[in-house]
Amino acid sequence: MKIRANLMTRGFYQRSPLEVAPALLNKVMATADGRSGRIVEVEAYCGALDAAAHSYRGRTARNATMFGPPGHMYVYFTYGMHWCANAVAWETEPGSGVLIRALQPLTGLDEMRSARGIQADRLLSSGPARLCQALGITGKEDSLDLTDRQSRVTILDDGVSPPAQPGNSPRIGIAKDAAHPWRWYVAGNPYVSGPKRALQP
DNA sequence: GTTTCGATTGTG
DNA sequence: ACAATCGAAACC
């Protein structure tokens with residue numbers, strides 16, 4: 001069955017990560033080989049304004065992609081074993097981006113189960129490193145253009161709007177600038193990662 | 001040059 | 001609660 005979907009354009013990413021992040025909720029992250037999932041959890045990182053951002057202290061070899069054009073994918077390696085993926089945002093606020101934290105699996109579930117080495121759908125792609133493993137994203141994909149139809153990874157709009165009232169909380173797993181409520185998620189979605197927090201009143 | 005620590009996950 | 005595991009950042 002063919003899904004009608006439009007590639008997100010460069011312009012979509014050309015604004016503050018604080019706007020791009022919630023706008024990415026319910027968009028679809030897809031690979032060229034048919035794996036895809038709906039984005040249900042994201043976090044914004046704001047470059048020099050954000051002590052928790054990798055780009056806070058300026059450009060390095062590792063974070064160079066974050067200082068490049070919006071709409072490209074910044075992939076980093078952490079804890080000696082995990083890859084995580086971001087969409088680069090506003091270029092006039094250098095080093096900003098949106099960490100993709102969880103996907104609800106849509107297609108290519110067998111490929112994802114194989115890549116993850118597990119069966120449970122709930123654990124396939126709920127978590128920033130889990131979704132990269134599920135989609136086969138590694139450092140090799142760092143800097144690829146998410147707005148290029150030829151790229152191995154893209155982000156699409158299949159017609160589902162972002163939630164009118166997304167869940168919102170401080171970001172997970174950071175020590176500095178931890179108070180900023182720069183995490184957004186699809187409230188009630190079972191594929192959202194992280195410790196269960198109180199939902200909106 | 002050496003040490004510290006992480007935008008995490010899986011297991012105990 | 002805590003180990004796994006290694007490269008980049010931080011420090012000297």
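Hydrogens, waters and symmetry mates play no part in the numbers below; they use all other heavy atoms, side chains included. Every chain is numbered from 1 and lettered A, B, ... according to where its sequence line falls, protein lines coming before strand lines.
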- Looking only at atom types and distance, does a side-chain atom of Ser151(A) sit under 3.5 Å from a main-chain N or O of Asp145(A), one as donor and one as acceptor?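 Yes, Ser151(A) side chain to Asp145(A) backbone: donor-acceptor pair under 3.5 Å.
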- Query: Any donor-acceptor pair under 3.5 Å linking the side chain of Asp142(A) with the backbone of Val75(A)?
  - Reply: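 Yes; at least one donor-acceptor contact below 3.5 Å.
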Looking only at atom [atom1], what distance separates [N] and [M], rounded to whole Å?
N	M	atom1	result
dA8(C)	dG10(B)	P	23 Å
dC5(B)	dC2(C)	C1'	16 Å
dG7(C)	dT11(B)	P	23 Å

- What about the rings of His54(A) and Tyr76(A), do their centers lie closer together than 6.0 Å?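 Yes.
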- Pairwise ring pair (Phe, Tyr, Trp, His ring centres under 6.0 Å) hits with a residue in residues 158-181 of chain A, at least two apart: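 Applying ring pair (Phe, Tyr, Trp, His ring centres under 6.0 Å) to every pair that reaches into residues 158-181 of chain A, excluding sequence neighbours, yields His180(A)-Trp182(A).
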- Got a sec, which residues hit side chain to side chain donor-acceptor pair (under 3.5 Å) with Arg35(A), two or more places apart in sequence or on another chain?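 Checked Arg35(A) against side chain to side chain donor-acceptor pair (under 3.5 Å); matches are Asp33(A).
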- Item | Qualifying residues under side chain to side chain donor-acceptor pair (under 3.5 Å), relative to Asp148(A), sequence neighbours excluded |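 Applying side chain to side chain donor-acceptor pair (under 3.5 Å) to Asp148(A) gives none.
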- Query: Dot-bracket for DNA chain B, 5' to 3', counting Watson-Crick or G-U wobble pairs under 3.5 Å, with [ ] for crossing pairs and | for inter-strand pairs?
  - Reply: ||||||.||||.
Scan the side chains in residues 79-87 of chain A for donor-acceptor partners under 3.5 Å anywhere in the protein, sequence neighbours excluded, and list what turns up.
{"residue": "Asn86(A)", "atom": "OD1", "partner": "Leu99(A)", "partner atom": "N", "Å": "3.4"}
{"residue": "Asn86(A)", "atom": "ND2", "partner": "Tyr74(A)", "partner atom": "O", "Å": "3.2"}

- Quickly work out the Trp83(A) CH2 to dT5(C) C1' distance and round it to whole Å.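 Taking CH2 of Trp83(A) and C1' of dT5(C), I get 13 Å after rounding.
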- Message: One character per nucleotide, please: for nucleotides 4-12 of chain B, 5' to 3', B when the base has a protein heavy atom closer than 4.0 Å, S when only the sugar-phosphate does, - otherwise.
- Response: --BBBSS--
- Item | Check ion pair Glu43(A)-Arg101(A) (N to O, under 4.0 angstrom) |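 Arg101(A) and Glu43(A): salt-bridged.
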- If only side-chain N and O atoms of Thr60(A) are considered, is one of them under 4.0 Å from the OP1 or OP2 phosphate oxygen of dA9(C)?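 Checking Thr60(A) against dA9(C): at least one side-chain N or O falls below 4.0 Å of OP1 or OP2.
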